[in-house]
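Taking it in order: structure first as structure tokens, then the write-up.
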There are 2 protein chains.
Amino acid sequence: MNWDEKEMLKLDNQLCFALYACSKEIITLYKPYLNSQGLTYTQYITLLVLWEEDGLNISELGNKLLLDSGTLTPLLKKLEKSQLVERVRDRDDERVVKVYLTEKGKMLQETFSDLPQKMFWNTGIQVEEAIKLKTMLNQLLGNIRKL
Amino acid sequence: MNWDEKEMLKLDNQLCFALYACSKEIITLYKPYLNSQGLTYTQYITLLVLWEEDGLNISELGNKLLLDSGTLTPLLKKLEKSQLVERVRDRDDERVVKVYLTEKGKMLQETFSDLPQKMFWNTGIQVEEAIKLKTMLNQLLGNIRKL
DNA sequence: ACAATATATATTGTGTACAATTAAATTGTA
DNA sequence: TACAATTTAATTGTACACAATATATATTGT
């Protein structure tokens, strides 16, 4: 192993670790806001999708969130128990489960209306900077997923 | 809730989701290389730290990896079971557990010497781009953690 | 029609991740 | 010295995350 290789194996030179650490820390920042409403981060992003488009099925949700039924099935059962969504077997195709927001689930969106703005302040990131970062991340994501 | 607020609540406008998704996808890219050696991603980054500096204790590892003993204790026991590290109570301070690489653990570094380079190719990202991205992520991480 | 194949979700098992608590050892201080 | 406060790991409990498998339903090919 040469010097370059050894250098590249250092934790602080890993792009993957910067991503992993940033992702976790941002989610930690969300926690106080979400926990006060009894939600986890994953439950929150699931609601984000449903607030945009209600009545999606499990696999559609999974495609948007990059999660599979092994994660979503128990998660949605919890959201159902807290009466934020309903899981309904599709009459036309009994394999499919569609997920609908309840009134309570729809109303909850209002509670979080200013959360993205708050998080912006909390991270202290500039709008231009955030846009650039998100663009780069989406490009990277695109590269990876079309392999 | 106004239009701006509604727009900012869309999943695809969330910087946090871009980070979360990218982090997960990159880790997925690592999996084939790591699993073939019987390692998980978290075990791998733990070894990265130890290859740089052997004999750290649990809390020092946790500070570098942003993980606590609840995660590290079982993880290190697994690495010990596969004979890559040894966990040793410090004689001078019996509260402390120091973690040492075994010969097998040290040798394993060689196996991964070209992995960072391989991952670069896999992600199709340019060096300049990667540096810029990592810089932005570290800056964001710094902002968050000094709150 | 019906066997083979494909699809959608659920289940099982393993491994993080982290908050909260516990237990043991050490340090600070009256 | 005693003893309260602190520190370090380990433990407990909950919730993802995902691979692998199972199950039920739907579709396809003959």
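First the proteins, then the strands, lettered A, B, ... as listed; each starts at 1.
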Scan [X] against the nucleic acid and name what it touches under 4.0 Å (heavy atoms): base, sugar-phosphate only, or nothing.
X       : result
B/Asp90 : nothing
B/Thr42 : sugar-phosphate
A/Leu66 : sugar-phosphate
A/Thr40 : sugar-phosphate
A/Leu75 : sugar-phosphate

Rounded to the nearest angstrom, tell me the gap between atom [atom1] in [X] and atom [atom2] in [N].
X       : N      : atom1 : atom2 : answer
A/Arg91 : D/dA26 : CZ    : C1'   : 18 Å
B/Arg95 : D/dT7  : CZ    : P     : 9 Å
A/Leu61 : C/dA10 : CG    : P     : 11 Å
B/Glu80 : D/dA9  : CD    : C1'   : 14 Å

key: Any B/Lys24 side-chain N or O less than 4.0 Å from OP1/OP2 of D/dC18   =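 Result: yes.
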Residue-phosphate contact under 4.0 Å: A/Ser59 side-chain N/O, C/dT7 OP1/OP2 =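 No, outside the criterion.
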task = Flag yes if more than 12 heavy atoms outside B/Lys64 fall under 6.0 Å of its NZ atom; otherwise flag no.
result =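 Open.
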task = Report yes if the distance between the aromatic ring centroids of B/Tyr20 and A/Tyr41 is under 6.0 Å, otherwise no.
result =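 Between A/Tyr41 and B/Tyr20, which both carry aromatic rings, the centre distance is below 6.0 Å.
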inquiry  = Taking the nucleotide of DNA chain C with the nearest heavy atom to each, does A/Asp93 or A/Lys77 sit closer to the 5' end?
reply    =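 Its nearest nucleotide being more 5', the pick is A/Asp93.
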query = Partner of C/dA30 by Watson-Crick or G-U wobble geometry, both contacts under 3.5 Å, or none?
reply =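 Because both required distances fall under 3.5 Å, C/dA30 counts as paired with D/dT1.
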